[in-house]
Amino acid sequence: MDIPSPRGRESRLVDAFVEMADTLVDDFDTVELLHRLTEYCVELLGVAEAGMLLADQRGSLQLVASSAERTELLELFQLQVNEGPCVDCFRTGSPVSVADLAATAGRWPTFTPEALRVGYCSVHTVPLRLRDQTIGALNLFGTTPGTLSEADQHVARALAETATIGILSERAIRHGEVLTEQLQTALNSRVIIEQAKGVLAHAGDLPIDETFAVLRDYGRARRTRLTDIARQLVTGALDTAAVLDAGEHAR
């Protein structure tokens with residue numbers, strides 16, 4: 001994907017941070033925030049896709065958000081084999097950058113062949129970290145070899161830090177049990193949202209990559225949390241036709 005012009009990117013950066021700041025209110029939806037973050041990364045950094053992982057209460061990484069289905073599957077594979085850039089980034093709390101995966105196949109002998117197979121040639125990972133606390137990692141995938149410019153690295157860190165601050169609210173920092181509960185709630189919410197995406201994809205014969213936008217737009221139009229909309233769909237309290245019809249009108 002092409003990066004916007006400098007003037008256009010500056011405007012979109014302002015939009016991104018304003019939207020994220022507006023999202024960081026009481027009872028904000030962590031999963032929606034992180035999904036939006038992955039979308040902004042793709043738009044603003046010129047990477048092909050992005051994925052976000054958070055640690056659960058046991059300190060194990062879990063997938064929370066991704067910009068595309070193939071990214072989601074690769075992130076899950078990375079967690080299954082416990083090997084890859086996100087795993088290393090989370091363990092060390094430091095960024096990981098590989099400009100050409102094919103040239104460094106020995107670094108992650110199980111992960112790298114799978115990443116290359118699905119079309120990714122480069123990867124750059126940024127920790128979700130505040131001071132000495134790392135709670136997850138942001139993966140940026142490219143379909144061509146290449147590095148991130150210094151400016152792009154700065155933008156990626158700024159977006160990740162904004163999300164981290166939102167998750168680690170002052171109350172959560174002061175009370176560890178609140179932080180644990182908040183992270184686990186985000187992971188549980190992702191499960192519900194994935195189920196709702198499946199319901200919509202089946203009912204509307206939609207590509208799975210399009211269903212998240214339909215869910216999000218329906219919730220925003222009604223000022224209802226994404227997770228609540230997803231739960232209503234999964235339990236049958238909300239008719240899939242109503243959500244799909246609204247999505248058609250929005251296009």
Side-chain angles (χ1 to χ4, degrees), residues 1 15-16 19-20 22-23 25 27-43 47-54 56 61-80 114-115 117-120 136 138-141 143 163 166-167 181-251:
M1 180 175 178
D15 291 343
E19 180 178 337
M20 292 178 74
D22 286 344
T23 304
V25 296
D27 200 30
F28 71 91
D29 194 320
T30 305
V31 174
E32 181 172 3
L33 170 70
L34 299 184
H35 265 284
R36 195 70 184 103
L37 174 64
T38 63
E39 293 172 347
Y40 272 125
C41 286
V42 171
E43 177 183 353
V47 296
E49 306 295 351
M52 181 76 68
L53 295 94
L54 284 181
D56 61 18
L61 283 174
Q62 303 289 339
L63 177 67
V64 178
S66 63
S67 60
E69 191 71 8
R70 66 169 172 169
T71 312
E72 180 171 325
L73 295 176
L74 181 61
E75 296 283 37
L76 291 172
F77 178 81
Q78 179 178 191
L79 296 178
Q80 182 180 16
E114 183 64 16
R117 187 188 69 80
V118 299
Y120 294 131
L138 167 66
N139 263 344
L140 307 172
F141 295 99
T143 52
I167 296 168
E181 179 182 346
Q182 192 170 0
L183 293 178
Q184 191 59 44
T185 297
L187 297 173
N188 293 340
S189 295
R190 177 191 167 266
V191 173
I192 294 294
I193 290 168
E194 289 301 311
Q195 291 174 344
K197 285 168 59 180
V199 170
L200 279 182
H202 177 74
D205 194 24
L206 287 177
I208 195 73
D209 284 340
E210 295 181 13
T211 54
F212 182 81
V214 173
L215 280 171
R216 183 184 60 204
D217 293 346
Y218 183 87
R220 285 183 175 177
R222 288 152 184 80
R223 297 184 179 276
T224 304
R225 283 164 49 96
L226 176 69
T227 305
D228 293 337
I229 295 296
R231 185 172 290 106
Q232 291 172 32
L233 273 175
V234 171
T235 60
L238 177 61
D239 187 8
T240 55
V243 179
L244 292 167
D245 287 346
E248 285 294 327
H249 292 315
R251 289 204 238 327

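Below, each value reflects all heavy atoms present in this structure, side chains not excepted, and no hydrogens, waters or symmetry copies. Residue numbers count from 1 along this sequence.
Every residue two or more places apart in sequence or in another chain was checked for a side-chain hydrogen bond (donor to acceptor under 3.5 Å, both in side chains) with Thr211, and none qualifies. Listed by chain and number, the residues in a side-chain contact (heavy atoms from CB on, under 4.5 Å) with Gln62 are Asp56, Arg58, Ser60, Leu187 (sequence neighbours excluded). Residues passing the salt bridge (Lys or Arg N to Asp or Glu O under 4.0 Å) test with Glu69: none are found, sequence neighbours excluded. Considering only residues two or more places apart in sequence or on other chains, Glu75 meets the side-chain hydrogen bond (donor to acceptor under 3.5 Å, both in side chains) condition with Gln78, Asn139. Judged as a salt bridge (Lys or Arg N to Asp or Glu O under 4.0 Å), and not counting sequence neighbours, Arg223 has no contacts. By the ring pair (Phe, Tyr, Trp, His ring centres under 6.0 Å) test, Tyr120 is found to be paired with Phe141, residues two or more places apart in sequence or in another chain being considered.
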Contacts table for residues 228-241: side-chain donor-acceptor under 3.5 angstrom, sequence neighbours left out:
unit_1: Thr235; atom_1: OG1; unit_2: Arg231; atom_2: O; d: 2.9
unit_1: Thr235; atom_1: OG1; unit_2: Gln232; atom_2: O; d: 3.3
unit_1: Asp239; atom_1: OD1; unit_2: Ala241; atom_2: N; d: 3.3

Side-chain atoms of residues 190-203: list all donor-acceptor pairs with protein atoms under 3.5 Å, sequence neighbours left out, distances to 0.1 Å.
unit_1: Arg190; atom_1: NE; unit_2: Leu63; atom_2: O; d: 3.1
unit_1: Arg190; atom_1: NH2; unit_2: Glu72; atom_2: OE2; d: 3.2
unit_1: Glu194; atom_1: OE2; unit_2: Lys197; atom_2: NZ; d: 3.2

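Inter-residue side-chain proximity for Leu34 and Leu138 is flagged as unmet; no heavy-atom pair is nearer than 4.5 Å. A 4.5 Å side-chain heavy-atom check between Leu73 and Val118 finds every atom pair outside the cut-off. Looking at Tyr218 and Thr224, their side chains never come closer than 4.5 Å, going by heavy atoms from C-beta outward.
Taking CG from Leu76 and OG from Ser66, the interatomic distance works out to 8.0 Å, rounded to the nearest 0.5 Å. Once rounded to the nearest 0.5 Å, the distance linking CZ of Arg216 with NE2 of His35 reads 9.0 Å.
Minimum interatomic distance between Thr71 and Ala50 (heavy atoms only, all atoms of both residues): CG2-O, 3.7 Å. Across every non-hydrogen atom of Val42 and Ser67, the tightest pair is CG2-OG, 3.7 Å. Closest non-hydrogen pair, Cys41 versus Val47, comes out as O-CG2, 3.7 Å.
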Please walk me through it: do Glu39 and Phe212 pass side-chain contact (heavy atoms from CB on, under 4.5 Å)? CA-CA 11 Å; Glu39 293 172 347; Phe212 182 81; 4.2 Å; yes

Could you walk me through whether Val214 and Leu206 pass the side-chain contact (heavy atoms from CB on, under 4.5 Å) check? CA-CA 10 Å; Val214 173; Leu206 287 177; 4.3 Å; yes

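Side chain of Thr227 to backbone of Arg225: no donor-acceptor contact under 3.5 angstrom is found.
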